[in-house]
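Everything quoted here is computed from the prediction, not taken from an experiment. Worth knowing before you read on, the calculation uses all heavy atoms, side chains too, and leaves out hydrogens, waters and symmetry mates. In what follows, chains are A, B, ... by sequence order, proteins preceding strands, each numbered from 1.
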Protein chains: 2
Amino acid sequence: MSGFGPGDPFLADCPARLAVELIADKWTVVVLYGLSKGPVRHGELIGLIGGISRKMLTQTLRRLEAHGLVSRHAYAEVPPRVEYELTPLGATLIDPIHMLTEWARANGDAVLAALDADPEPVAPGG
Amino acid sequence: MSGFGPGDPFLADCPARLAVELIADKWTVVVLYGLSKGPVRHGELIGLIGGISRKMLTQTLRRLEAHGLVSRHAYAEVPPRVEYELTPLGATLIDPIHMLTEWARANGDAVLAALDADPEPVAPGG
DNA sequence: ACCTGCTGGTTCCTGTCGGAAACCTAGCCT
DNA sequence: AGGCTAGGTTTCCGACAGGAACCAGCAGGT
């Protein structure tokens, strides 16, 4: 009940920890999920995801691209068209993300209820 | 291939999106994982998790507590002892998180390799 | 009696990041 | 010629994360 192995996501020098930090981002999970059903255009994602700015979407997509999870296809048309698609590596993340979203769907109300019952301020140093 | 239902984690007003944003935090997943094997003390988590500050740990735990995922037990001893434990609701998150960490363990090297092959700068608006 | 230390938590200060909106490119349509 | 479209970048600013110091409360050493 007390041992964590060397592959556990602790002690920042293990690869698992890096990958956890990869997806532990405000928008990454949602963007990845948005790409889970096939190639999507930049503007489509903007409309699909509520509240993300173009800057953050571009930044998130670039990071995912650099990490090999997303591929970018720019067509030399006018007006410009750019499609983003999951790579095979990125597609392997869909299952975990689906579990997450399924959990969210199943337990979102319980979380909301707990928040409602416990409306204490959160930030200590703010 | 193009339809997202009303329960999908988009359009910020759905509960799934809120829950996704709950765990889409730099430390939340790691802290939750650290609690997955039973009650843990504050100081233990500090040592276990590399790089987290006391402030962020406290803040993360408070937020998880407010959301009903973690319970806090303070013992009136000297020196003080405080243990954190997953609630039943919080325990339901362990499975998705384990899938995430398993993915990380399996694909961390591939991500690192992609980063190495694609060392372009990421931040567009610095 | 005084000082130190253990442990959890909080406050101050600062650097960085996220978000909104404006600007840019480049070709078609009016 | 000027506006529209669509992706992307830049600027500016507020909020937040992080580090380190400080606080509380009592036990134990000297």
J.: Send over the distance from Gln59(A) CD to dT16(C) C1', rounded to a whole Å.
T.: 12 Å
J.: May I have the distance from Glu83(B) (atom CD) to dG8(C) (atom P), rounded to whole angstrom?
T.: 10 Å
J.: Residues two or more places apart in sequence or in another chain: which of them pass side chain to side chain contact (heavy atoms under 4.5 Å, CB included) with Ala91(B)?
T.: none
J.: Is the phosphate of dG8(C), meaning OP1 or OP2, less than 4.0 Å from a side-chain N or O of Arg41(B)?
T.: yes
J.: Would a 4.5 Å heavy-atom cut-off, applied to side chains only, mark Glu44(B) and Leu48(B) as touching?
T.: no
J.: Of the non-hydrogen atoms in Trp103(A) and Pro96(B), which two are nearest, and what is the gap between them?
T.: CB-CG, 4.1 Å
J.: Among Ile, Leu, Val, Met, Phe, Trp and Tyr joined by side-chain contacts under 4.5 Å, find the other residues sharing a cluster with Tyr75(B) and list them by chain and number.
T.: none
J.: In a check of side chain to side chain contact (heavy atoms under 4.5 Å, CB included) between Val31(A) and each of Ile52(A), Val70(A), Leu69(A), which one passes?
T.: Ile52(A)
J.: Filter on salt bridge (charged side-chain N to carboxylate O under 4.0 Å, His left out), then keep only pairs touching residues 24-36 of chain A, sequence neighbours left out; what's left?
T.: Asp25(A)-Arg63(A)
J.: Hey, what do you get for OG1 (Thr28(B)) to CG (Leu22(B)), rounding to the nearest 0.5 Å?
T.: 6.5 Å
J.: Nearest whole angstrom, please: distance from the C1' of dT7(C) to the CG of Leu61(B).
T.: 15 Å
J.: Find the distance Ile46(B):CD1 to dC6(C):C1' and express it as a whole number of Å.
T.: 15 Å
J.: Which pair of heavy atoms, one from Thr87(A) and one from Gly68(A), lies closest together, and at what distance?
T.: OG1-O, 2.6 Å
J.: What heavy-atom pair brings His67(A) and Val111(B) nearest, and what distance separates the two atoms?
T.: CD2-CG1, 3.4 Å
J.: Taking protein heavy atoms under 4.0 Å as touching, what does nucleotides 25-30 of chain D look like 5' to 3' if B marks base contact, S marks sugar-phosphate-only contact and - marks none?
T.: -B----
J.: Tell me: NZ of Lys55(A) to C1' of dC17(C), nearest whole Å?
T.: 7 Å
J.: Quick one: is dC16(D) close enough that its OP1 or OP2 comes under 4.0 Å of any side-chain N or O from Lys26(B)?
T.: no
J.: Can you measure Tyr84(A) atom OH to dG7(D) atom P for me and round it to whole angstrom units?
T.: 9 Å
J.: Looking only at side-chain atoms of Asp25(A), point me to the closest of dG7(D), dG18(C), dA17(D).
T.: dG18(C)
J.: Ignoring hydrogens and angles, answer whether the base of dG8(C) and the side-chain atoms of Arg54(B) contain a donor-acceptor pair closer than 3.5 Å.
T.: no
J.: To the nearest 10°, let me know how far the axis at one end of the helix from dA1(C)-dT30(D) to dT30(C)-dA1(D) is tilted from the axis at the other, five pairs an end.
T.: 30°
J.: With nearest nucleotides of DNA chain C determined for Trp27(A) and Val82(B) from heavy-atom distances, which residue corresponds to the more 5′ nucleotide?
T.: Val82(B)
J.: Once you round it to whole Å, what is the distance between C1' of dG7(D) and CD of Glu65(A)?
T.: 14 Å
J.: Report which part of the nucleic acid Tyr75(B) touches: base, sugar-phosphate, or nothing (heavy-atom distance under 4.0 Å, all strands).
T.: nothing
J.: With a cut-off of less than 4.0 Å, is there a side-chain N or O of Arg81(B) near OP1 or OP2 of dG9(C)?
T.: no
J.: Atom CG of Leu57(B) to atom P of dA17(D): distance rounded to whole Å?
T.: 13 Å
J.: Among all residues two or more places apart in sequence or in another chain, which pass the ring pair (Phe, Tyr, Trp, His ring centres under 6.0 Å) test with His73(B)?
T.: none
